[in-house]
Amino acid sequence: MKKVAFYTLGCKLNFSETSTISRQFEEKGFLKVDFQENPDIFIINTCSVTENADKKCKKIVKEAKKISPNSYVTIIGCYAQLKPKEISEIDGVDAVLGAAEKFRLIELLDDFAKAQETKVLASEIQEATIYNNAYSINDRTRTFLKVQDGCNYGCAFCTIPLARGKSRSNTIESVVKSAEEIAASGVKEIVLTGVNIGDFGIVEGKRNERFADLVFALDEVEGINRFRISSIEPNLLTNEIISFAAKSKRFVPHFHVPLQSGSNTILRKMGRRYLRELYEDRVSKIKTLMPHACIGVDIIVGFPGETDELFLETYNFINELDISYLHVFTYSERANTRAIEMGGVVPKKKRNERSKMLRILSDKKRRKFYEENLGKTFSVLFEEDVEDGKIHGFTENYIRVAAKYDPILVNEVRRVTLDQINDKGNVEVIEPEFVYEKH
């Protein structure tokens, strides 16, 4: 029985796909082991959103060969699709599979026999037209359920359409079936994931269904306490979806909505499909219907042409918005994107300074959001996340909670009152009277 280990870089979507591929191996009689358990095969699922992600891939390969020098190392994922030849030249890599091939790697690599030459199986991205269902299971308390793949937007900074192809989706019927399977396994929370999930519904190039209708259908799935939308474009987050979430049985008051810039000048250069006024309207609509809702924001700093004045537009816009936290990305040049040809390159030192400013602002926003919710009662899904005698979990509106460790709490949803913020920035529950959540 060959031992296989998996390592995932990047997003929730990658985690859902790694988990599904790992189940394929187990069904074929392979033994899934941890990275350090001297595996015969390593499968490394890569990301290529930033230059740093590429460097991480090379580091993981090096570590794998230290642990198991005779192992068979396979690279899949976005980096593998974008730069297969570059990866094939990394010392220790045996195979590289692209977007159209990764779900067939057991079939394509046969017995994982090492050869003189690195095996490169990466079709042109136009060949990646099949939708492959995926979800994570047994990896974490919550499950990442893939509902959509690819993107038709083509933003100036983004390589994802080049790495994953055109937008394509599962069907509502199939997603509901997967959710029911996940519920049967005992999972309490599902995070819906994809490249552009608001664009859900395209099958074989034609729009057949809507994301809103998927949300309505999933809200009826018994056995799942919570559905969380991982990230949705502001122009696709409709009033219909927001209003439904406000009264939903299972969809939580947590939205992650990419902004990327608070300057309309930069948004236009990026090729985004909205302006800041629409974003402000989305935030206002959410907070009017759900004052306790958590809103996360993606921001890119240092995009070409972002002057000091335009950056301050972004900073001041976010500072005034009623949002809860930021994910800050420092712009990095990516081959074959429109942005790399643009003038007004921002020096890397200045990009880093701006990132630091926004990360400090994010900490302040999160602290303020936590403080606003002290004294209120929420449900917490406790995870197998124990540190210094405390067990941790998240409220439905994504506040990280710490309570005295009790093994019976793992994967349980309980009602708690938020007491105070501890020195690690989490909300502490002092003497909770735990009550089972009804669902």
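Both backbone and side-chain heavy atoms feed into the values below; hydrogens, waters and symmetry mates do not.
For the side chain to side chain contact (heavy atoms under 4.5 Å, CB included) with P39, the lone residue among V4, D34, V33, V73 that qualifies is V33. With F6 as the fixed residue, the ring pair (Phe, Tyr, Trp, His ring centres under 6.0 Å) test singles out one of F25, F15, F42: F25. The side chain to side chain contact (heavy atoms under 4.5 Å, CB included) test with Q260 is passed by exactly one of I266, D298, V301: D298. Results of the side chain to side chain contact (heavy atoms under 4.5 Å, CB included) test with V93 over T118, I44, V120 single out T118 as the only residue that passes.
Here the shortest heavy-atom pairing between R168 and T129 reads CD-O, 3.4 Å. Q148 and V195 get closest at one heavy-atom pair: OE1-N, 3.0 Å. When all heavy atoms are compared, the tightest approach of A212 to I241 is CB-CG1, 4.0 Å. Contact between G198 and F211 at its shortest, heavy atoms only, is O-CB, 3.8 Å. Residues K146 and S16 approach most closely at CB-OG, 3.7 Å, considering heavy atoms. Residue V401 comes nearest to V380 through the heavy atom pair CG2-CG2, 4.0 Å, listed as atom of the first residue, atom of the second, then distance.
Residues forming a side chain to side chain contact (heavy atoms under 4.5 Å, CB included) with E383 (at least two apart in sequence, or on another chain): T141, R142, D385, F394. Partners of F227 according to the ring-ring contact (aromatic ring centres under 6.0 Å, His included) rule, which considers only residues two or more places apart in sequence or in another chain, are F251. Applying the ring-ring contact (aromatic ring centres under 6.0 Å, His included) criterion to F103, with sequence neighbours excluded, gives no partner residue. When the ring-ring contact (aromatic ring centres under 6.0 Å, His included) test is applied to Y370, no partner is found at least two apart in sequence or on another chain. For the ring-ring contact (aromatic ring centres under 6.0 Å, His included) test, residues two or more places apart in sequence or in another chain that qualify with Y331 are F303.
Annotation: cation-pi geometry not satisfied between K56 and Y7 (NZ/CZ under 6.0 angstrom from ring centroid, within 45° of ring axis). For the pair R23 and Y135, the cation-pi test (distance below 6.0 Å, angle within 45°) is passed.
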Could you walk me through whether N196 and S167 pass the side chain to side chain donor-acceptor pair (under 3.5 Å) test, one step at a time?
-> CA-CA 8 Å; N196 186 359; S167 183; over 6 Å; no

Would you please test N14 and T8 for side chain to side chain donor-acceptor pair (under 3.5 Å) and show each step?
-> CA-CA 7 Å; N14 272 6; T8 306; over 6 Å; no

Between R351 and S355, does a side chain to side chain donor-acceptor pair (under 3.5 Å) hold up when you go through it step by step?
-> CA-CA 6 Å; R351 298 182 209 181; S355 290; over 6 Å; no

E353 vs K356, salt bridge (charged side-chain N to carboxylate O under 4.0 Å, His left out): CA-CA, chis, key distance, verdict = CA-CA 5 Å; E353 288 169 354; K356 186 176 180 182; over 6 Å; no

Could you walk me through whether R282 and V257 pass the side chain to side chain contact (heavy atoms under 4.5 Å, CB included) test, one step at a time?
-> CA-CA 9 Å; R282 300 297 79 204; V257 191; 5.5 Å; no

Test K59 against E63 for salt bridge (charged side-chain N to carboxylate O under 4.0 Å, His left out), laying out the working first.
-> CA-CA 6 Å; K59 186 175 181 182; E63 289 300 311; over 6 Å; no

Begin from the C-alpha positions of E306 and K350 and carry the test salt bridge (charged side-chain N to carboxylate O under 4.0 Å, His left out) through to its verdict.
-> CA-CA 10 Å; E306 186 186 64; K350 187 158 281 192; over 6 Å; no

I would like to know whether F244 and F216 meet ring-ring contact (aromatic ring centres under 6.0 Å, His included); could you show each step before the answer?
-> CA-CA 8 Å; F244 183 80; F216 303 156; 4.8 Å; yes

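A salt bridge does not link D199 to K166: none of the charged side-chain nitrogens sits closer than 4.0 Å to a carboxylate oxygen. Salt-bridge check for E37 with K3: failed, with every basic side-chain N at 4.0 Å or more from each acidic carboxylate O. Salt bridge present: K85 and E89 bring a charged side-chain N and a carboxylate O closer than 4.0 Å.
Counted within 6.0 Å of CD on E277, heavy atoms from surrounding residues, nucleotides or ligands total more than 12; the atom is thus considered enclosed. In this structure, I130 places its CD1 atom where only 12 or fewer heavy-atom neighbours from other residues, nucleotides or ligands lie under 6.0 Å away. Around atom NZ of K376, more than 12 heavy atoms belonging to other residues, nucleotides or ligands sit under 6.0 Å away. No more than 12 heavy-atom neighbours from other residues, nucleotides or ligands sit within 6.0 angstrom of CD on E124. For E333, the CD atom is densely surrounded, since the number of other residues' heavy atoms within 6.0 Å is greater than 12. Sparse packing is recorded around CD of Q36, with 12 or fewer heavy atoms of other residues, nucleotides or ligands lying under 6.0 Å away. In K114, the NZ atom is crowded: over 12 heavy atoms of neighbouring residues, nucleotides or ligands sit closer than 6.0 Å. No more than 12 heavy atoms of other residues, nucleotides or ligands sit less than 6.0 Å from atom CG of D91.
Side-chain polar atoms of E101 and S123 form a donor-acceptor pair below 3.5 angstrom. A donor-acceptor pair shorter than 3.5 Å cannot be found between the side chains of S48 and T159. When only modelled atom types and interatomic distance are considered, S263 and T314 share no side-chain donor-acceptor pair under 3.5 Å. Side-chain atoms of E313 and N264 form no donor-acceptor pair, as typed in the model, at a separation below 3.5 Å.
From H327, atom NE2 reaches atom CD1 of I299 across 12.0 Å, with rounding to the nearest 0.5 Å.
The ring-ring contact (aromatic ring centres under 6.0 Å, His included) pairs that include a residue from residues 266-298 number zero, where partners must be two or more places apart or lie in different chains.
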